[in-house]
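Worksheet for the structure shown next.
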Amino acid sequence: MSREYATNDWYPVADAARMIPGHGFTTRLLGEPLEVSGSFENPVVTARDGRMLPVQVRYGHVWTTTGSAPRPLFDIAEADETDRTFVPCGAVQVRCSPLRAVENFLDIAHFPFVHTGILGEEPHTQVAPYKVEIREDADEVWATQIGFHQPQAAKSATEAIETRYEYRVPAPTTAVLYKTCPPKPEAWDVIAIFVQPVAEDMCIAWPWMALYDDVSPYADLVQFQQEIFLQDRSILENQKPTLLPLDPRMEIPTRCDLTSVVYRRWLKRKGATYGALTTAA
Amino acid sequence: MTFTLYNYVLSGNCYKIRLMAALLGVEYETVAVDFYPGMEHRSPQMLSLNPAGTLPVLTAGDLVLTETQAMLTWMATSFDTSGTWFPAGDPALLGVVQQWLGFSGRLTQSAGLARLHSMLDWPVDGQAACAAAVKDLRILERHLTDRVLEGGLWIAGETPTIADVACFPYVALSPDAGLEHDAYPAIRNWLYAIRGLPGFVAMPGIHYRHEGTSGTNG
Ligand SMILES: N[C@@H](CCC(=O)N[C@@H](CS)C(=O)NCC(=O)O)C(=O)O
Ligand SMILES: [Fe+2]
């Protein structure tokens, strides 16, 4: 494991809109306790030694970093499109490696079996070939040209559609997906999972969406995403080994689709191994 | 429409009502309530419907019910043509059903809270909730073991009742709090039997049974 690399990324620690002045709370990041307090306008994150950490409010969340030379927080351009509905879905604790949570989010093949009737259904289980690459200029993993049959692609979907997808990993603990927006097929709906690494084997997932949907009540949008994520949670908690194996000799090919192979390779190359298993046991 | 359910998809108590309706084949309407992270069950609008500030809430015309056990009783007596889900004609059996309905309320406070704590960091004493949940799981395991020795499968009597529906969710969901079912063979068989009932519906953390397998991992 390397905390070293991980300390210089930014992580979500709070839902910005739900910060209540005078009601600070403690959380954990990379194995260390943090105090989060202040307000939406002025959030304050304090380390155990009393040091005030850098903060920024982006994508509905309060982000912080503990390192001395933080890399910039990635950009999600759609976050600035004010005609979208932004839906932060709260925090869900999962007893798994933060990297496992990201990898699961990138996997399409499980849709018909885990998200039956929503994101997939039998017999439409085949994932057609798609493209995965490491975009060197941005230092991101991208999977594109993905199509999948979905009975209920979004709350806004009124019928089953062939959903187009693009996946993007802009940082080791964040995955962003772009999928066909049913009421506005020329646009993408954006769904992200921001993962707060609590420890190597424990994380907090902060799902977030930026949608075009003028019809669905807000509570329905939140629950649609929560239902899907909580279906994944019980599976994530039962994955073995708990840490994400990066040694190719340890990979179980059936579970690893192409995106996951490239994601693991990218992590290994960068030395982003917090939450990873780097040598065959 | 028969009734309206103020619903939260991850709530085990709301799921009791969804499951009962599915098993009885009753159609109903839902209103999504943003329980988490929105805390909408504590909004003025929801508090005027249910001053206790809990979910689920069931309305049917002028009727407003805020306790799950009352809802299950009302649903079974209104919609169950077989008369088996709420055995009103058999005092001893009905007594046992009521006994376990009471127990299901305890499960909300033990296994239910343990789950909310471990999943959503609910501000409760997680260790105390887990300890209480283990105690309740052992009580149910013992009861179901006795039932098997008597040749029974369900909590009370020869058929499933609202007591089975009321106790099912938080027992089935206890792995969400890290409380696995390995040590509870009678509970495992009972969960498996409920998942096989005609009309059964799943929720996140509780899966459909797959063909050709047995036990809770099916
Ligand atoms: N006695 C109620 C309890 C229901 C209950 O505890 N519901 C939970 C959700 S599953 C709740 O609303 N908790 C909110 C709170 O306690 O503030 C019933 O049986 O319906
Ligand atoms: Fe999933």
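Owing to the predicted nature of the structure, the values given are computational and were not obtained by experimental measurement. To find a chain, count down the sequence lines: A is the first, B the second, and so on, and within it residues start at 1.
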For the residue pair V215(A) and P183(A), establish whether any side-chain heavy-atom pair is separated by less than 4.5 Å.
no

What heavy-atom pair brings A76(B) and F86(B) nearest, and what distance separates the two atoms?
CB-CB, 3.7 Å

Below 4.5 Å from any heavy atom of chain A, which atoms of L120(B) appear? Answer side chain, backbone, both or neither.
both

Can you tell which of N50(B), V33(B), L5(B) makes a side chain to side chain contact (heavy atoms under 4.5 Å, CB included) with V57(B)?
N50(B)

Can you give me the closest heavy-atom contact between V45(A) and L34(A), atom names plus distance?
CG1-CD1, 3.9 Å

Please answer whether the main-chain N or O of W74(B) pairs with a side-chain N or O of T77(B) as donor and acceptor at a distance below 3.5 Å.
yes

Chain B contact via V222(A) - which portion, at a heavy-atom distance below 4.5 Å:
side chain

Restricting to non-hydrogen atoms, name the atom on A101(A) and the atom on I193(A) that form the minimum distance, rounded to 0.1 Å.
O-CD1, 4.5 Å

Report yes if some heavy atom in the side chain of P197(A) is under 4.5 Å from a heavy atom in the side chain of C203(A); otherwise report no.
no

Between M203(B) and L173(B), is there a side-chain heavy-atom distance shorter than 4.5 Å?
yes

No hydrogens needed, just list the donor-acceptor pairs between chain B and chain A under 3.5 Å.
from: N7(B); atom 1: O; to: Q223(A); atom 2: NE2; distance (Å): 3.4
from: Y8(B); atom 1: OH; to: Q226(A); atom 2: OE1; distance (Å): 2.7
from: V9(B); atom 1: N; to: Q223(A); atom 2: OE1; distance (Å): 3.0
from: V33(B); atom 1: O; to: Q223(A); atom 2: NE2; distance (Å): 2.7
from: Y36(B); atom 1: O; to: Q226(A); atom 2: NE2; distance (Å): 2.7
from: Y36(B); atom 1: OH; to: A91(A); atom 2: N; distance (Å): 2.8
from: Y36(B); atom 1: OH; to: A91(A); atom 2: O; distance (Å): 3.1
from: P37(B); atom 1: O; to: R18(A); atom 2: NH1; distance (Å): 3.4
from: H117(B); atom 1: O; to: Q93(A); atom 2: NE2; distance (Å): 3.3
from: S118(B); atom 1: O; to: Q93(A); atom 2: NE2; distance (Å): 3.2
from: S118(B); atom 1: O; to: R233(A); atom 2: NH2; distance (Å): 3.3
from: S118(B); atom 1: OG; to: R233(A); atom 2: NH2; distance (Å): 3.4
from: M119(B); atom 1: O; to: Q93(A); atom 2: N; distance (Å): 2.8
from: D176(B); atom 1: O; to: R233(A); atom 2: NH1; distance (Å): 3.0
from: D176(B); atom 1: O; to: R233(A); atom 2: NH2; distance (Å): 3.2

With chain A as the partner chain, list the residues of residues 124-148 of chain B whose heavy atoms fall under 4.5 Å from it, by residue number, and write 'none' if nothing qualifies.
none

Could you tell me whether the side chain of L177(A) reaches within less than 4.5 Å of the side chain of F105(A), counting heavy atoms only?
yes

State, to 0.1 Å, how close L101(B) and A163(B) come at their nearest heavy-atom pair, and which atoms those are.
CD2-CA, 4.0 Å

